[in-house]
Each structure stands twice: as C-alpha cells, then as structure tokens.
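Since the structure comes first, as structure tokens, the remarks are kept for the end.
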Amino acid sequence: MSLVEDNKLVYRGYDIDELVEHAEYEEVAYLLLNGELPDKTQLRDFKQELTRHRAISPFIRELLAQMSENATAMDVLRTAASASASEDPAEGDNSQDAEYRKAIRLTAKLPTILAAYIRRRRGEQPIPPDPALGHAENFARMTWGTKMHPRAVEVLNAAFILQAEHGMNASTFAARITAGTGADMHAAVTAAFGALKGPLHGGATDGTMRMLDEIGSPDHVEAFVDKAIERKYKFSGFGHRVYRTEDPRAKHLRRFASELSRTWQGPPYFEIQDRLARAIAERRPKMSPAAAEKVNVVNVDYFAATTYTFLGIPADLGTSIFALGRIAGWCGHIMEQHADNRLIRPESEYTGPVGKRWVPVAER
Ligand SMILES: CC(C)(COP(=O)(O)OP(=O)(O)OC[C@H]1O[C@@H](n2cnc3c(N)ncnc32)[C@H](O)[C@@H]1OP(=O)(O)O)[C@@H](O)C(=O)NCCC(=O)NCCS
C-alpha cells in the first residue's frame, strides 16, 4: 500500500508531500481502500457513505456512558471499535465488498466516538454529526462546537492524511496478523488499537507532551538532556526503525506547530521542542553509536503532539487523534490481507532447557 524509505513516504504511488498539500482526508481514505484516487462522482458517493454512517447507535452511546470516567481515549476507542462488531450488519463476512463497507463505517464513526468522549470529560453533551460538513470539519465541530480554532479544520485534515498509512508499522502488523488468522475486520482493528497505544509507537505523541511538561521551561532543556543521556532515557518523538535522516511527515507538522505556537497562550512548548532538538543533536557524540543514529531522526509524533495541543486538544489525546487518521490504512491492509490470505506465523528460537522430567508437586 505504501513505500516507506528514508525521508520518503508514498501512498499507492502518491508522495505524501503532494497529498498533504492538495487532498482532503476522504480522498486519501478512498485511495487507500481502493488503490486509486476517486473521480468526482466516486468522491461524492464516498462522502455520502461516510455521512450516512457518522452517527453512533444508542448501544455505543450507552457503552460510552457506562465506561469509567477515568478510561483513556485509546481504551474507549478500542473498546467501541470492538463492540461495534456486534451491531455490524456484515459481521463475519470477510469478502472485499463487506469489508469495504465496514471500513467506511469504522472510519466514519471513530471521530464521533472520540468527540463524544472529549465532551463527556468536559461535562458537555455530545454534538451530533452535521451532514453538511466533511470529515475533519465534523470532528472539529463535534469536539468544539462553534468555538474551534480557526485553523482546526485545515490542520486536522492534513494531520489525518499524514497519519493515514505507514507500511508495516507495529499496529498495522498487529492488524494483519489478526486478519491473517481469518478473523474479521473489527477483531483486526481492535488488535491494531492495542498496539498503537504503546509509548514506542503512537503513544509517543502523548509521551512527547509528558516529556515537554517534565522539562517545563526552555532553560531546563540542556540539564534535562544531560541527565537523560546518563540514564539512557528514550526521548519521545525521536528515533525510527526505517527513517535514518528524516521522517518525511515531521516537516509538515513542524510547520503547523511553529505557526500555531505564535498565538498559543500556554507553556512555551515549541521553544522547548526546538531547543531540545538542538541540545540532543549537539550531544550525539556523547551517546552510543546506535543511540546517536536513532536520535538523528525527529519522528512524526514530536510535532504532531504540539500541533494538536495548540489546536486545543488535551495533551493525553494525541495518540487517539493519530488513530482517527490511521483507521483508513489499517482497513486497507486488512482488506489486502484477506484478498490473498495466508497465516502469518513467525518462528522463534527457543534457548531454554529440554529433557526435564516431571516431579510431583510435593517433591519440588
Ligand atoms: C522508534 C524506536 C522504538 C525505534 O527503536 P529501535 O529501532 O528498536 O532502536 P532501539 O530501541 O534498539 O535503540 C537503539 C539504541 O538507540 C537508543 N535510542 C533509541 N531511541 C532513542 C530515543 N528516542 N532517545 C534516546 N535514545 C534512543 C537506545 O537506547 C539504544 O541505545 P544503546 O544501543 O546504547 O542501548 C525508538 O527510537 C524509540 O523508542 N523512540 C522513542 C519513542 C517514539 O518516538 N516512538 C515513535 C516512533 S514513530
């Protein structure tokens, strides 16, 4: 579905630099699910389908209401995605056509679920989706009503596109392993949610905000980095398994973070980030060669974290915004897996003992 090489990310033939400049998220979601960009009619129909499925059922509304107020956004999204299998009309049908429809339903509903969660945390009633609005705008509207940041729609649209797909990353791999057993799309998406949550993957978005809060001020950066190197701390938002020089998504998010920071009234996160990146770069010679290579790359999560924060998204919700974008990529991969399936079963090398004899419990 995509080419991931150092400083290069291509979705189904299209460089993300092109897509982020010109596309709506709906066009990219269509591209990932169908392999080609939609023409005018296809895009209109696709948007209509998303519109038709944005509202959540009384069952999911009740589930959200019953979940603990302390549940994290990722736990809520994962649970709701899993639970929605039980009301999906094509549950158990792994045909391409049925999965395409499930992908649309999941893509349409996740923003509604997350917005309802965000409003509940603020003690506010949910705002229903508006059929006149597109994907990013609906999420912004359901989250903030009319009091959204003036750049929210455009920036969220771009962020959803940048996060939509990324080859065989951990969450997508989890989805494909699950789909590879013949399990259905909801099972595979639920597995993907579980993997995305971790701090070494999508959880690094929320981890970045925690790190910036811990640093607290630009003046504390250098001392923080010196101590961090001593204790082999992993800086959230740095390092990548594939990219060696640049994560091609980071520059776009840095541009948004930089722009939005100018009107941001809170802590000087962007100043801390820039000084932190400089301080880490200067201290690379003090690190092991492997660590020096890893911290050379600022990854997607670093500036996504502040971009979302500056739009007014609470610091612990960055990873869940990531998931709203990634759902299209996950679903595309699940369809690809099911279209030509074979069980994924890596072998592991056992290094423990063999030949031990059973000893009754009283004699152990
Ligand atoms: C992305 C990541 C998981 C890739 O990890 P990896 O390819 O498995 O690399 P390893 O964890 O084996 O690390 C290799 C070395 O680099 C160091 N390292 C890796 N990422 C580091 C980071 N962000 N900060 C400091 N040191 C880092 C490790 O400590 C290790 O050092 P050592 O050899 O001296 O023990 C890793 O860079 C990381 O944990 N980054 C922070 C979390 C993050 O931003 N994740 C989002 C990725 S998009």
Side-chain angles (χ1 to χ4, degrees), residues 2-9 11 16 74 159-175 192-215 221-254 257 269 272-309 315-323 325-326 329-330 346:
S2 59
L3 173 73
V4 187
E5 276 177 5
D6 189 24
N7 199 13
K8 195 167 189 58
L9 177 55
Y11 297 168
I16 51 146
M74 286 299 282
F160 290 161
I161 290 172
L162 293 170
Q163 305 271 30
E165 153 61 3
H166 206 220
M168 209 51 67
N169 59 88
S171 58
T172 302
F173 189 44
F193 264 114
L196 185 69
K197 187 181 179 188
L200 302 187
H201 189 13
T205 315
D206 298 349
T208 297
M209 291 315 300
R210 281 197 298 278
M211 177 177 71
L212 298 179
D213 275 329
E214 191 183 335
I215 297 171
V221 162
E222 287 75 13
F224 177 86
V225 176
D226 289 335
K227 253 199 217 131
I229 293 172
E230 260 174 51
R231 62 186 166 113
K232 281 192 141 305
Y233 169 87
K234 285 193 175 172
F235 301 98
S236 285
F238 289 81
H240 201 271
R241 192 50 82 65
V242 180
Y243 302 130
R244 295 276 175 262
T245 59
E246 249 186 71
D247 178 333
R249 304 162 295 179
K251 62 179 178 294
H252 297 288
L253 290 157
R254 187 185 182 284
Y269 291 129
I272 297 175
Q273 278 191 304
D274 260 359
R275 196 152 155 181
L276 180 62
R278 261 201 315 278
I280 292 172
E282 284 163 11
R283 285 159 179 76
R284 282 175 63 211
K286 293 187 181 169
M287 301 180 189
S288 71
E293 188 187 319
K294 285 290 156 191
V295 300
N296 190 37
V297 176
V298 169
N299 66 47
V300 65
D301 299 301
Y302 195 56
F303 290 112
T306 38
T307 295
Y308 300 151
T309 299
D316 62 328
L317 295 185
T319 309
S320 58
I321 304 288
F322 183 156
R326 184 56 58 88
W330 287 338

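Note that the coordinates shown come from a computational prediction; the quantities given were computed from them, not determined experimentally. Every number for a ligand or one of its atoms is a count from 1 in the order of the listing.
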Show your reasoning for whether side-chain contact (heavy atoms from CB on, under 4.5 Å) applies to M209 and E214.
CA-CA 8 Å; M209 291 315 300; E214 191 183 335; over 6 Å; no

Less than 3.5 Å apart, N/O on ligand 1 and N/O on the protein: could you list those pairs with the distances?
residue, atom, partner, partner atom, Å
ligand 1, 7 (O), R241, NE, 2.8
ligand 1, 7 (O), K294, NZ, 2.7
ligand 1, 8 (O), R241, NE, 3.4
ligand 1, 8 (O), R241, NH2, 2.7
ligand 1, 11 (O), K234, NZ, 2.7
ligand 1, 23 (N), F235, N, 3.4
ligand 1, 23 (N), F235, O, 2.8
ligand 1, 23 (N), F238, O, 2.8
ligand 1, 24 (N), F235, N, 2.9
ligand 1, 34 (O), K232, NZ, 2.5
ligand 1, 34 (O), S288, OG, 2.6
ligand 1, 35 (O), K232, NZ, 3.2
ligand 1, 40 (N), F238, O, 2.8
ligand 1, 44 (O), G237, N, 2.8
ligand 1, 44 (O), N299, ND2, 2.9
ligand 1, 45 (N), L200, O, 2.9

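- With a 4.5 Å cut-off on side-chain heavy atoms, Y302 and D247 do not count as touching.
- Side chain of T319 to backbone of G202: a donor-acceptor contact under 3.5 angstrom is found.
- Closest approach of D301 and T208 over heavy atoms only: O-OG1, 3.9 Å.
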Scan the side chains in residues 231-241 for donor-acceptor partners under 3.5 Å anywhere in the protein, sequence neighbours excluded, and list what turns up.
residue, atom, partner, partner atom, Å
H240, ND1, V242, N, 2.9
H240, ND1, Y243, N, 3.2

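- Salt-bridge formation is not detected for the pair R210/D316: no Lys NZ or Arg NE/NH1/NH2 atom is positioned less than 4.0 Å from an Asp or Glu carboxylate oxygen.
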